[in-house]
Amino acid sequence: MARPKGENVIRKHFKLTEETAKLLAEHSKAENMNESEYIRYLLLNQSENPRSRELELEIMRLRNEINKIGLNVNQIVKNNNSYLYKEEDKNQLKEYLEEIVLLQKTMITGMTAD
């Protein structure tokens with residue numbers, strides 16, 4: 001992603017910790033770019049509404065929780081197919097799943113509103 005020839009150049013100088021500099025070097029190398037190209041790439045290709053680090057972590061936690069719930073649902077279905085549950089247990093499970101879906105929709109609506 002080299003800049004066009006003849007384009008004006010403004011140099012910026014900034015400081016990095018050793019750890020951050022190492023990350024920059026690794027990431028730019030992984031993308032087959034020099035560090036300046038990689039920084040320009042990151043700046044020019046971010047969305048208008050970038051997500052905060054806290055939001056990213058919360059989304060990761062939510063995915064993990066949903067995966068755990070999925071595993072539990074698979075176990076419940078297996079046990080149900082073995083006729084281990086009563087009808088009232090099935091109704092309670094249905095209510096819990098409806099509540100989960102409602103919470104997910106609320107969260108997604110809240111994320112898109114930001």
Side-chain angles (χ1 to χ4, degrees):
M1 187 173 135
R3 64 182 165 74
K5 289 186 177 187
E7 187 175 306
N8 292 334
V9 176
I10 299 173
R11 292 185 183 264
K12 296 287 184 178
H13 301 278
F14 52 93
K15 296 179 182 181
L16 301 173
T17 63
E18 285 185 34
E19 182 180 332
T20 305
K22 184 178 177 183
L23 282 174
L24 175 59
E26 290 172 359
H27 288 230
S28 62
K29 185 176 182 180
E31 295 293 331
N32 295 320
M33 297 178 186
N34 66 41
E35 293 175 3
S36 294
E37 289 173 332
Y38 185 68
I39 291 171
R40 282 192 297 273
Y41 169 79
L42 291 175
L43 287 171
L44 296 173
N45 290 300
Q46 64 180 338
S47 66
E48 281 188 30
N49 299 319
R51 294 181 181 165
S52 71
R53 179 73 176 144
E54 289 178 23
L55 179 59
E56 290 291 336
L57 290 173
E58 190 59 35
I59 289 171
M60 287 172 39
R61 283 188 211 108
L62 177 63
R63 284 182 189 144
N64 288 337
E65 288 299 316
I66 291 171
N67 286 336
K68 289 177 187 176
I69 291 168
L71 293 173
N72 290 339
V73 168
N74 287 339
Q75 291 172 352
I76 291 168
V77 169
K78 180 181 176 185
N79 289 334
N80 179 55
N81 291 338
S82 301
Y83 303 102
L84 296 177
Y85 290 112
K86 300 175 190 171
E87 193 63 33
E88 58 208 40
D89 294 330
K90 294 177 188 178
N91 290 334
Q92 185 67 46
L93 175 62
K94 184 177 178 183
E95 289 175 22
Y96 288 146
L97 289 174
E98 289 171 354
E99 185 178 343
I100 290 169
V101 169
L102 180 64
L103 290 170
Q104 286 177 328
K105 287 180 181 178
T106 302
M107 184 175 168
I108 289 170
T109 303
M111 284 182 1
T112 56
D114 291 341

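Predicted model, so just to flag it, every value in this text is computed and none were measured.
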Inset, instruction - Mind checking the CD-CG spacing from Glu87 to Asp89? Nearest 0.5 Å is all I need. - result: 9.0 Å

Legend entry - Tyr41: which of Leu43, Asn45, Ile39, Leu44 passes side-chain contact (heavy atoms from CB on, under 4.5 Å): Asn45

Legend entry - 4.5 Å side-chain heavy-atom contact, Ile10 and Lys12: yes

Legend entry - Residue pair Lys29, Glu31: steps toward the side-chain contact (heavy atoms from CB on, under 4.5 Å) verdict: CA-CA 5 Å; Lys29 185 176 182 180; Glu31 295 293 331; over 6 Å; no

Legend entry - Spacing of CD1 belonging to Ile66 relative to CG belonging to Leu103, to within rounding of 0.5 Å: 10.0 Å

Inset, instruction - Check the surroundings of atom CD in Glu26: do more than 12 heavy atoms from other residues, nucleotides or ligands lie under 6.0 Å from it? - result: yes

Legend entry - Note, Val101 side chain near Glu98 side chain (heavy atom, < 4.5 Å): no

Legend entry - Audit row: Lys68, Glu65, salt bridge (Lys or Arg N to Asp or Glu O under 4.0 Å) steps and yes/no: CA-CA 5 Å; Lys68 289 177 187 176; Glu65 288 299 316; 3.7 Å; yes

Legend entry - Thr20 side-chain N/O to Leu16 backbone N/O, donor-acceptor pair under 3.5 Å: no

Inset, instruction - Find the distance between CG (Leu97) and CD (Glu95) and round it off to the nearest 0.5 Å. - result: 10.5 Å

Legend entry - Distance, nearest 0.5 Å, that separates CG of Asn72 from CG of Asn67: 11.0 Å

Legend entry - Residue pair Tyr38 / Met33: nearest heavy atoms and the distance that separates them: CA-SD, 3.7 Å

Legend entry - SB check Glu58 Arg61 (cutoff 4.0 Å): yes

Inset, instruction - Answer yes or no: is there a donor N or O on one side and an acceptor on the other, between the side chain of Asn79 and the main chain of Ile76, under 3.5 Å? - result: no

Inset, instruction - Enter the distance from Glu35:CD to Ser28:OG here, rounded to the nearest 0.5 Å. - result: 4.5 Å

Legend entry - Enclosure of Glu18 CD (heavy-atom neighbours >12, cutoff 6.0 Å): no

Inset, instruction - To the nearest 0.5 Å, tell me how far Lys105 NZ sits from Ile100 CD1. - result: 13.0 Å

Inset, instruction - Could you check Tyr96 against Gln92 for side-chain hydrogen bond (donor to acceptor under 3.5 Å, both in side chains), going step by step and ending with a plain yes or no? - result: CA-CA 6 Å; Tyr96 288 146; Gln92 185 67 46; 3.1 Å; yes

